[in-house]
Amino acid sequence: MSKERKLMTQKRFVQSSAIDFKKFRENLTLKSTIFRHACRMAIVMSVTYYVFEVTNITNNVYWILLTIMVILKPGFGLTKERNIQRLIGTTIGGLIGALILLTIHDPTILFVLLVFFFLTAYSLFRVNYVIAVLFMTPYVLIMLSFVSANTLDVTKERILDTFIGGMIAFLSSYIIFPNWESMQVKESMRKLLIANYNYIFQALKEIAGQAPSITDYKLTRKAVYVETANMGSTFQRMLTEPKKRQKYSKEVNKFVIFNHILASFSVTLMNHLDEMDNNYINKDHVRTIRKILSSLEQSIQLLHSDDSVNAFIPLAIEIPNDQFDNTDVSSVDGQLLTEQLDFLNKIAQDLHKIVQDLHAKSTAMSENELSKALS
């Protein structure tokens, strides 16, 4: 493989999106998660700065603003999680930093510790946020100790400001333009169903003699893994929200479980088709695969989205009937494939029932909210 071709193949595994004015304009609405977060951040930061500057409650309002900026996230669940991590890391790190400054007075040793805490903190930000903050707090306290002698005062102020900033960020995510995962879960489910649809469609291409390239196969499989992880993260964040906001938790839990089963058996199906002889494949197998894809397609249509970028386009492929004239119906491989496909078809139908229940509940809830507003 040439260097240019290898580079082009690698680029296909990296998603890129062009930033244009149309996309920017479409996000200037409260339906956009990004716009809601931007408005929330602007309001909270402005009001907090004004209040603390006027009242003089603290001498360093910048640390409260920094804490809010770091903790406040687009979703309530992410804000809550980051808030807890920040408070735990700051409290423990503050105590460690205060202990070091009270027991060690040699500037050389303090500088070595400062470098150690600095390198460790910024190396762990992407790995473990709690540990990163735990190391970052002593680093900041040691750095400030070179210009200030009030070690305990600095420690108390940092911990207090972190608690104040965390409380403000938490309350604002609950009150100001809140963004609940139940509002986003349908889009996550839709993307996951599309990824499963595209992956299972590779089976028809395999049967039709149009086996996908290794790169195409890996891309469709990668999409399933990525969207499965995103769906799991969405559900976990949903469980951290207030109970009254967990509108579809039971349905989403069932959906996640059935999807894991569908994904695992889909991989087994593709491996089986890749290894077995096409002479063992018959019309019933193709018909069952089309039923699976049809169930997934109906589920995707129920989870309608206005996002033109991730629009769903059903796939089609023609398989000539004379291809199955020499099929060995009684083969063991053929019977095993039949059992696999029947099970996958049942799982796809169960997923469709879950999506139907979710769609019915969300429609009824929307009608109730509309009737209350009109009354």
ask   = Would the number of heavy atoms belonging to other residues, nucleotides or ligands and lying under 6.0 Å from CD1 of I34 be above 12?
value = no
query = Do other residues, nucleotides or ligands put more than 12 heavy atoms under 6.0 Å from the NZ atom of K205?
reply = yes
With a 4.5 Å limit on heavy-atom distance, are the side chains of [X] and [Y] in contact?
| X | Y | value |
| --- | --- | --- |
| R221 | Y225 | yes |
| R86 | T162 | yes |
| V185 | M231 | yes |
| F117 | M136 | no |

Starting from [Y], can I reach [X] by hopping between I/L/V/M/F/W/Y residues whose side chains sit under 4.5 Å apart?
| X | Y | value |
| --- | --- | --- |
| M143 | Y62 | yes |
| V256 | V267 | no |
| V140 | F118 | yes |
| L358 | I257 | yes |
| L95 | L102 | no |

message = Under a plain distance cut-off of 3.5 Å, with no hydrogens placed, do T338 and H285 share a side-chain donor-acceptor pair?
response = yes
What's the separation between atom [atom1] in [X] and atom [atom2] in [Y], rounded to the nearest 0.5 Å?
| X | Y | atom1 | atom2 | answer |
| --- | --- | --- | --- | --- |
| I168 | I176 | CD1 | CD1 | 10.0 Å |
| S266 | Q202 | OG | CD | 11.5 Å |
| L72 | S172 | CG | OG | 4.5 Å |
| S145 | L101 | OG | CG | 4.5 Å |
| I131 | I88 | CD1 | CD1 | 10.0 Å |
| L110 | F146 | CG | CZ | 5.0 Å |

Considering non-hydrogen atoms only, spot the tightest contact between [X] and [Y] and give its length.
| X | Y | answer |
| --- | --- | --- |
| L302 | H359 | O-ND1, 3.6 Å |
| S299 | L193 | CB-CD1, 3.7 Å |
| A263 | V224 | CB-CG1, 4.1 Å |
| A98 | L141 | N-CD1, 4.3 Å |
| T91 | L87 | OG1-O, 2.7 Å |
| N83 | G166 | ND2-O, 2.8 Å |

ask   = Which is it for F116 and F135 under the side chain to side chain contact (heavy atoms under 4.5 Å, CB included) test, yes or no, and what are the steps along the way?
value = CA-CA 9 Å; F116 167 74; F135 280 96; 3.8 Å; yes
Quick check: does any side chain N or O of [X] sit under 3.5 Å from a backbone N or O of [Y], one acting as donor and the other as acceptor?
| X | Y | answer |
| --- | --- | --- |
| T79 | K73 | yes |
| N198 | I194 | yes |
| T137 | L134 | no |
| R36 | P74 | no |

Which atom pairs, donor and acceptor, lie under 3.5 Å between side-chain atoms of residues 45-55 and protein residues at least two apart or in another chain?
residue	atom	partner	partner atom	Å
S46	OG	A42	O	2.7
T48	OG1	V44	O	2.6
T55	OG1	V51	O	2.7

Identify every side-chain donor-acceptor pair in residues 340-349 under 3.5 Å, counting partners at least two apart or on other chains, and give the distances.
residue	atom	partner	partner atom	Å
Q340	OE1	H272	ND1	2.9
K346	NZ	D350	OD2	3.4

Pairs under 3.5 angstrom only: tabulate donor-acceptor contacts from the side chains of residues 289-296 to other protein residues two or more places apart or in another chain.
residue	atom	partner	partner atom	Å
R290	NH2	I317	O	2.9
S294	OG	Q298	NE2	3.3
S295	OG	K291	O	3.2

note = Test side chain to side chain contact (heavy atoms under 4.5 Å, CB included), reference T67, set L65, V70, I71, output is I71
request  = Please step through side chain to side chain contact (heavy atoms under 4.5 Å, CB included) for the pair F255 and L192, ending with a clear verdict.
outcome  = CA-CA 10 Å; F255 180 88; L192 180 53; 3.8 Å; yes
task = Start with the C-alpha gap between N230 and S188, add the side-chain angles, then the distance that decides, and say whether side chain to side chain contact (heavy atoms under 4.5 Å, CB included) holds.
result = CA-CA 7 Å; N230 291 339; S188 298; 5.6 Å; no
inquiry  = Using side chain to side chain contact (heavy atoms under 4.5 Å, CB included), reason through F111 and I142 one step at a time and then give a plain yes or no.
reply    = CA-CA 8 Å; F111 180 76; I142 295 173; over 6 Å; no
query = Aromatic ring centroids of Y217 and Y199 under 6.0 Å?
reply = yes
query = Would you call R190 and E187 a salt bridge, using N to O less than 4.0 angstrom?
reply = yes
